[in-house]
Every structure is written in structure tokens, then in C-alpha cells.
Amino acid sequence: DSEEEEEDDDGPVPLAPPRPPMDKAARRSERRRLHKARSNAFEALHLDRLPCAELYEKSYMHKSVVTHTLVSTACAFIVTASDDGQIKFWKIMPGEVQFVKTYQAHLGPLASLSKSVDERQLCSASSNDRFVKVFDIAAFDMSCMIKPDFVPSASAWIRSHHDSKLARDWIAVADRDAGAVHIFDPTAEEQNVAVVQFHSAPVTALAYSVSRHCIISVDTKGMIEYWTTEPDSQDFVAPKPGGPDSIVKFQYKMETDLFELAKSKTQAWGLACSPKGDQFAITCANGMVLVFRFDTGKLRRKYDESLERVAELVAKGESVCDGIDAVDMGRRIALEKGYLKGVAQGSASPPVAIFDESGTFLVLPTIVGVKLVNIETNATRKVLGKLESSERFTSASLFQGVPDRDYQMQRALGKVDASAMGSGKRSTGPSAEVEPIIVCAAHDKERFYLFTRREPVEESASYASGGGRDVFNEKPQAGRGGAGGLTSRAVQGVTRVLARQATLHTTLGDIVLALFPDETPRTVENFATLASRGYYENVIFHRVIKGFMVQTGDPKGDGTGGQSMWGGHFEDEIDTRKLRHDRPYTLSMANSGPHTNGSQFFITTVPTSWLDGKHSVFGRVVRGADVVASIEKVKVDDTDKPLDPIRILSVDTSPVAP
């Protein structure tokens with residue numbers, strides 16, 4: 001017989017004996033092994049959605065030291081704050097950010113800056129002026145102001161109910177001098193909702209876990225507390241274990257590691273919840289970063305980023321980070337001592353750890369740079385900015401979304417053709433891909449820094465041509481040097497010869513304008529710069545009122561759009577002693593109130609003295625008044641918009657007066 005026939009004669013083979021049952025510890029070990037294997041398999045995918053460049057790509061300025069950064073992925077905005085109380089809004093666009101608006105929000109440094117659950121609102125709190133202010137991020141405008149009867153410090157947005165359909169957005173604000181946390185409803189007539197007293201000492205850090213509908217708070221004694229609202233009331237209570245809807249698995253805190261800070265006699269500098277709510281990270285004053293499991297309160301990871309640990313490694317001759325030599329590390333240690341002193345005094349922002357969108361990675365600003373730490377494998381996978389030895393990065397925020405494409409602005413900058421305009425849709429090509437950005441402040445720097453997946457371009461020989469990664473978008477500050485101040489080369493680069501003449505080429509003919517750069521330099525610079533970029537090309541006259549004026553300059557064509565050359569608005573330039581609306585064919589800026597100039601302008605057809613003191617006059621029509629008169633006579637609809645569009649074809653400017 002053949003070999004196969006012999007095997008068939010053997011009959012069926014008995015099953016292998018069952019594996020012996022594993023005990024609890026063995027099962028836990030096996031689950032961890034399988035979880036770690038899955039984490040390793042997906043690590044590359046998570047890293048692809050995080051910045052990877054070793055150097056920051058761009059930096060932008062404030063007038064004073066930047067202390068806080070915040071990112072709204074939902075609105076594609078960056079919000080930054082400085083120690084002079086200013087808040088700036090920046091729009092994230094493909095490959096760049098554009099400045100939008102500045103607010104003098106407070107009279108001094110901010111105590112906290114936090115965003116709502118849907119990332120469409122933010123609140124800023126200041127211990128100096130004792131105000132809490134609420135802003136609409138997408139509209140970059142202040143929507144509410146709260147004046148508490150205590151000194152505000154840490155803050156966090158929470159929801160009134162676990163069900164998002166029933167929930168209202170509330171703000172939890174800690175009292176700097178007591179253990180109370182005050183709850184405010186910024187949209188209600190009676191803003192005070194409740195006073196929560198779970199702590200006997202002032203609260204230094206707050207965070208809200210959306211999925212668990214639970215607030216985590218830490219006080220100066222290191223005590224960590226969980227608290228939430230009752231399902232059918234607005235009373236705040238500690239979560240209870242045991243039920244089917246219970247969010248915790250412990251009955252007593254003695255079963256947890258939540259006394260870790262108290263035992264170490266330290267306090268929290270910062271607190272962050274993972275997106276899934278299953279873990280939270282506390283950045284401590286002693287340099288430790290602790291990662292806890294939410295449901296059990298057990299300590300999962302502990303990272304020692306203290307100066308003492310670094311000094312110990314240096315003393316032993318061990319490397320703290322690859323690529324950093326002993327001399328460089330000595331400079332960093334000296335810088336770190338000054339930085340930690342500033343944090344202790346409240347003049348510098350602490351290096352708070354945050355989670356990425358997957359909850360797998362921690363983004364952690366340290367003495368050697370911004371670390372990307374895989375919590376699952378307990379390994380540092382990347383250190384961003386380790387070659388930037390003069391910056392001690394702090395206050396990190398993470399954007400992992402798709403930037404908005406403003407076609408009009410992109411076209412004005414020469415980055416998209418006219419065929420892309422007006423579609424009203426996001427691009428489906430490479431520009432629609434996620435562009436991860438880590439936004440950081442740095443100790444004692446008037447700048448914030450952007451880490452992306454792109455390395456910076458080579459430094460240009462001329463700042464005037466827009467080269468260089470450090471953008472000089474502010475005037476120099478006396479006594480400030482380094483990256484925060486302007487060099488003489490940069491100052492020379494921003495000196496311009498302003499236009500004194502402009503010609504609007506319209507579909508009905510040419511209009512020649514005399515401009516007044518001596519009286520209104522910023523207004524003329526804005527108009528001429530936008531014109532040179534092609535910003536006004538193909539823009540319609542969207543508002544025509546016979547016996548009053550003709551208005552244009554809005555790329556949207558409905559009177560609601562347009563930005564200045566700097567992004568957002570700029571201040572008025574009004575001098576009624578020299579320039580008034582005292583004659584027809586006066587060129588003036590349109591606005592929606594004081595200091596809200598953008599790109600829109602109008603030409604009067606009669607004297608309009610009631611506009612004096614409200615709008616910036618920056619030119620007059622010297623030729624082409626008949627064209628303006630022709631535009632004034634066209635038929636319009638109920639909104640004063642011409643039935644047959646009249647467009648600006650192009651705008652020419654000249655430094656020579658007409």
C-alpha cells in the first residue's frame with residue numbers, strides 16, 4: 001500500500017488535551033501581552049498623525065511673553081495668550097496659519113485658558129483683574145463676561161448632563177484662595193449655578209472626562225477627587241460604584257493610587273484626560289508625570305522628568321537624550337532652573353502633558369524637547385525640538401485635523417487658481433489630509449512655535465521677501481533681543497514706500513484714486529497690499545445706494561467677508577481736521593464698529609458728514625467720477641445688490657501721486 005493509504009488506516013486523530021486554566025494573574029499578563037502586540041501593530045498609524053520634524057517649522061510673535069496656547073480642531077483655530085493679557089486668534093490653513101484678531105482680554109497674565117467640549121468656545125480667567133471671559137472661537141469674538149466674587153485660577157468646561165441633547169455647557173472655576181469650585185452657566189441670566197466643596201485646599205488643576213461625565217480635580221495638598229452630577233438633578237456628588245451605569249470600580253480611595261501626590265507632598269501643575277476618558281495624566285510640581293486608569297484609580301505609568309533626575313544622569317556621565325552633548329545639556333540645566341523658578345512664582349506656564357487623539361501617545365514638553373511617549377509600550381518614540389537649545393518649550397497643544405481652505409486668501413497669496421474659488425467645498429486632494437501641528441510656547445519668549453511633519457525651509461537672505469521661519473509680525477520691544485525682537489535687517493525689511501495712486505479697473509470703466517498715505521498709512525498699506533496680491537480681482541460691488549455710495553471689497557460678495565492684509569481687523573485712522581466726508585467721491589473704509597476695518601471700502605456719491613469720526617477716509621476719486629455715477633444708477637434688489645454684477649477686474653497702484 002502507499003503511504004497515504006497507511007495514514008488513512010490510522011483512523012481519526014484525538015484532539016489535543018485542553019490547556020490548564022490560567023489563574024487571574026496569568027490571564028491579566030496574557031491580556032497585556034496581546035494588547036501590547038496590537039499597540040505595536042498600530043503604532044506607525046498613530047505616529048503618521050503626529051508631527052515628526054525635529055525642528056519647528058514656523059514661529060509667530062506676541063508683543064509680550066507667550067504663556068498659553070490652545071487648539072480648536074473643530075474650528076481649525078489656534079488661540080494664544082501672553083503675559084500682558086492679550087489673546088490672539090490664528091486660522092489654520094493648508095501649510096500655514098493666518099493671524100485673525102487680537103483681544104486685550106485682561107489686565108495681566110492669564111491664570112487659565114480652556115476650551116468647551118465641542119471646541120467652539122473658550123474661557124480665559126485672570127487673577128489680576130478677577131474676570132472670566134468667554135469667547136466664540138469661530139467668530140473670534142467675546143460672547144460673555146463673568147465677574148466672580150473670588151480670585152479665579154484653574155478652569156474647565158463641563159456639561160450639565162451626560163446626555164448631550166439635554167446638556168448645557170458650564171464652566172468650572174476654582175477659587176485661588178479656598179477649596180471651592182464655582183460652576184457658571186455663561187448663557188443664563190443667573191450665571192451662578194453651584195459651589196462645589198470637595199476640597200479643603202485650593203484647587204490647582206481641573207479636567208472633565210466627557211465619556212464618563214465626571215470632573216477630576218486636584219488641590220495643593222495633592223488630593224485627587226472625582227465628582228459628577230446626579231442623573232435627574234444638578235447636584236454634584238462623588239460617583240458611586242456597583243451599579244450597571246457606574247463609572248468607577250472602587251468603593252474606597254484606599255483601594256486606589258489616588259493618594260500618590262499627597263504621599264509625595266507635591267501638587268498638580270496640569271491635568272489632562274484622554275479622549276476616551278479611560279485614563280488621565282497629571283503633571284506634578286516635583287517633575288513627575290503620572291498616568292492613572294480612570295475606572296480603578298490605579299497608577300499606570302510614572303515618568304520622571306525632574307531636574308534632579310537629569311542632574312543625576314549627567315553626574316553619572318550617562319546620556320539624557322541622544323544628540324545632546326554635555327555642554328549643551330549644561331546650558332539647558334541652567335535655563336531649566338530659571339524656568340522652574342518662574343513657574344513656582346506664577347510668571348511662567350508649566351509643562352503640562354496632553355494626550356493625542358488615540359490616547360496612545362503623551363505629548364510632553366521637557367528639558368530636552370517635546371517628547372512623544374507611547375504609553376502602551378512605555379517608550380519615547382520621538383523628541384521634537386531637541387536641536388533647539390535656546391528654547392525651553394512649554395504649554396503644548398495638539399491639532400490633528402484638516403485645515404480650512406480660504407480660497408480668496410489662498411488666491412491672494414498666489415497659492416490657488418481662480419477655478420478653485422467659489423466652490424464652497426473642502427479640497428479632496430492632498431490638502432484635505434490631516435496636517436498635525438503641535439503648538440508650543442517657550443520660556444521667556446514672545447513667540448509660539450509650530451511643529452509639523454515638515455522641516456523648516458532654509459533661511460532667506462531677506463526678511464522683506466518673507467523668508468525665514470521666525471515671522472516678524474509685531475514691532476520690536478525695547479529691551480528684548482533674540483528671537484523675540486527684530487534685528488536691524490528685519491526692520492529694514494518692513495520699511496515700504498506706500499502707494500499714492502490707485503486705479504480700479506471695473507467692468508464699467510476705470511476709476512483713478514488719490515490715496516493719502518501720510519494721514520492714513522496703515523489703511524493705505526492694507527489697501528495697496530491686498531491690491532498687489534490680487535485680492536480684489538473679480539470682486540463685485542455688492543451694495544449700491546443711489547444718492548449715498550457704492551461699496552465693494554468683500555470676496556464673499558454679500559458684505560459679511562473680507563480680511564485685512566494682516567488677517568482679521570485693524571484699527572481706525574480718523575482725523576476729521578484733515579479728512580472728512582465733506583464732498584462726493586470720497587474713498588473710505590467700511591466697518592461694523594470701531595476698529596473693525598478689513599478689506600471692504602466704499603466711494604460716496606454725495607457729501608456724507610454723518611460718517612465723520614466713524615469711518616477712515618483714505619482717498620478721493622480724481623478721474624472716473626462718471627464711472628462711479630454709472631455704478632450708482634444700476635438696478636438693485638431689496639438688499640441693494642446690483643441685479644447685473646459689476647466687478648473689479650484688477651487694481652493698479654503707484655507711489656507717484658496722480
Side-chain angles (χ1 to χ4, degrees), residues 49-51 58 60 62 66 68-81 86-103 105 110 112-124 132-144 155-159 164 167-171 186-187 208 210 272-273 275 354-357 363 395-410 423-427 431-441 448 450-452 555-556 560-564 566-569 592 596 598:
R49 295 176 66 87
L50 287 167
K58 285 282 187 181
Y60 297 85
H62 269 248
V66 177
H68 294 76
T69 70
L70 181 147
V71 164
S72 168
T73 300
C75 301
F77 263 85
I78 296 170
V79 183
T80 55
Q86 285 197 353
I87 292 177
K88 289 193 175 188
F89 292 82
W90 311 78
K91 184 67 173 174
I92 302 174
M93 299 171 68
E96 63 180 337
V97 300
Q98 289 285 339
F99 169 73
V100 178
K101 196 171 187 177
T102 300
Y103 266 96
L110 273 64
S112 60
L113 186 69
S114 58
K115 61 185 176 182
S116 61
V117 175
D118 62 5
E119 301 191 1
R120 298 188 179 279
Q121 299 182 86
L122 70 88
C123 91
S124 62
V132 176
K133 298 187 178 180
V134 181
F135 294 84
D136 184 315
I137 297 178
F140 39 90
D141 199 5
M142 189 173 71
S143 59
C144 175
S155 66
W157 287 79
I158 65 175
R159 280 187 166 166
S164 60
R168 296 176 65 87
D169 288 322
W170 289 348
I171 305 173
T187 61
Y208 176 63
V210 180
C273 288
I354 59 174
F355 290 91
D356 77 328
E357 63 185 0
V363 179
S395 185
S397 301
L398 176 61
F399 175 79
Q400 289 181 285
V402 179
D404 279 342
R405 178 177 288 280
D406 184 328
Y407 283 113
Q408 185 71 23
M409 182 62 73
Q410 290 288 298
S423 64
K425 300 178 181 178
R426 289 193 176 192
S427 172
S431 62
E433 298 177 355
V434 170
E435 291 190 17
I437 304 172
I438 291 177
V439 185
C440 290
F448 67 95
L450 307 181
F451 288 95
T452 67
K556 288 187 177 181
T560 64
Q563 301 182 67
S564 72
W566 303 280
H569 300 147
S592 56
T596 57

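Residue numbers count from 1 along this sequence.
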Set of side chain to side chain donor-acceptor pair (under 3.5 Å) partners for [X], sequence neighbours left out:
X: Ser143; value: none
X: Asp136; value: none
X: Arg49; value: Glu357
X: Thr73; value: none

Exercise. Strictly by modelled atom types, are Arg120 and Ser72 linked by a side-chain donor-acceptor pair under 3.5 Å?
Worked result: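 Checked: Arg120/Ser72 side chains show no N/O donor-acceptor pair below 3.5 Å.
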
Exercise. Are a donor atom and an acceptor atom from the side chains of Thr80 and His62 found within less than 3.5 Å of each other?
Worked result: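 Yes - a donor-acceptor pair under 3.5 Å links their side chains.
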
For this session: Sequence neighbours left out, what passes side chain to side chain contact (heavy atoms under 4.5 Å, CB included) with Ser155? Give chain and number order.
Result: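 Ser112, Ser114, Cys123, Val173.
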
Problem set entry | All side chain to side chain contact (heavy atoms under 4.5 Å, CB included) counterparts of Ser592, not counting sequence neighbours |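 By the side chain to side chain contact (heavy atoms under 4.5 Å, CB included) rule, Ser592 matches Thr596.
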
How far does [atom1] of [X] sit from [atom2] of [Y], to the nearest 0.5 angstrom?
X: Asp118; Y: Trp157; atom1: CG; atom2: CH2; value: 8.5 Å
X: Ile87; Y: Lys133; atom1: CD1; atom2: NZ; value: 8.5 Å
X: Ile92; Y: Leu450; atom1: CD1; atom2: CG; value: 8.5 Å
X: Phe448; Y: Thr69; atom1: CZ; atom2: OG1; value: 9.0 Å
X: Leu122; Y: Leu113; atom1: CG; atom2: CG; value: 5.5 Å

Partners passing ring pair (Phe, Tyr, Trp, His ring centres under 6.0 Å) against [X] (at least two apart in sequence or in another chain):
X: Tyr208; answer: His213
X: Trp566; answer: Phe570
X: Phe99; answer: Trp90

For the student: nearest non-hydrogen atoms of [X] and [Y], plus distance:
X: Lys91; Y: Ala76; answer: CD-O, 3.5 Å
X: Val134; Y: Met142; answer: O-CG, 3.3 Å
X: Asp356; Y: Pro275; answer: O-CG, 3.3 Å

Problem set entry | Stepwise side-chain contact (heavy atoms from CB on, under 4.5 Å) check, Glu433 with Val402 | CA-CA 6 Å; Glu433 298 177 355; Val402 179; over 6 Å; no

Exercise. Looking at the rings of Tyr103 and Phe135, which for Trp means the six-membered one, are their centres under 6.0 Å apart?
Worked result: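 Yes, ring centres under 6.0 Å apart.
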
For this session: Anything under 30° is parallel, anything over 60° is perpendicular, the rest tilted; go ahead and classify Phe77 against Phe89.
Result: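 Perpendicular.
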
Are [X] and [Y] side-chain neighbours, meaning at least one heavy-atom pair lies under 4.5 Å?
X: Ile78; Y: Leu70; value: no
X: Lys58; Y: Val97; value: no
X: Val71; Y: Val79; value: no
X: Leu398; Y: Pro51; value: yes
X: Pro436; Y: Ile438; value: no
X: Pro186; Y: Ile171; value: yes

Problem set entry | salt bridge (Lys or Arg N to Asp or Glu O under 4.0 Å) partners of Arg159, counting only residues at least two apart |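 Result, salt bridge (Lys or Arg N to Asp or Glu O under 4.0 Å) vs Arg159: Asp169.
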
Counting N and O atoms only, with roles assigned by atom type, does the side chain of [X] sit under 3.5 Å from a partner on the main chain of [Y], one being a donor and the other an acceptor?
X: Lys101; Y: Lys88; result: no
X: Ser564; Y: Gly598; result: no
X: Glu435; Y: Gly95; result: yes

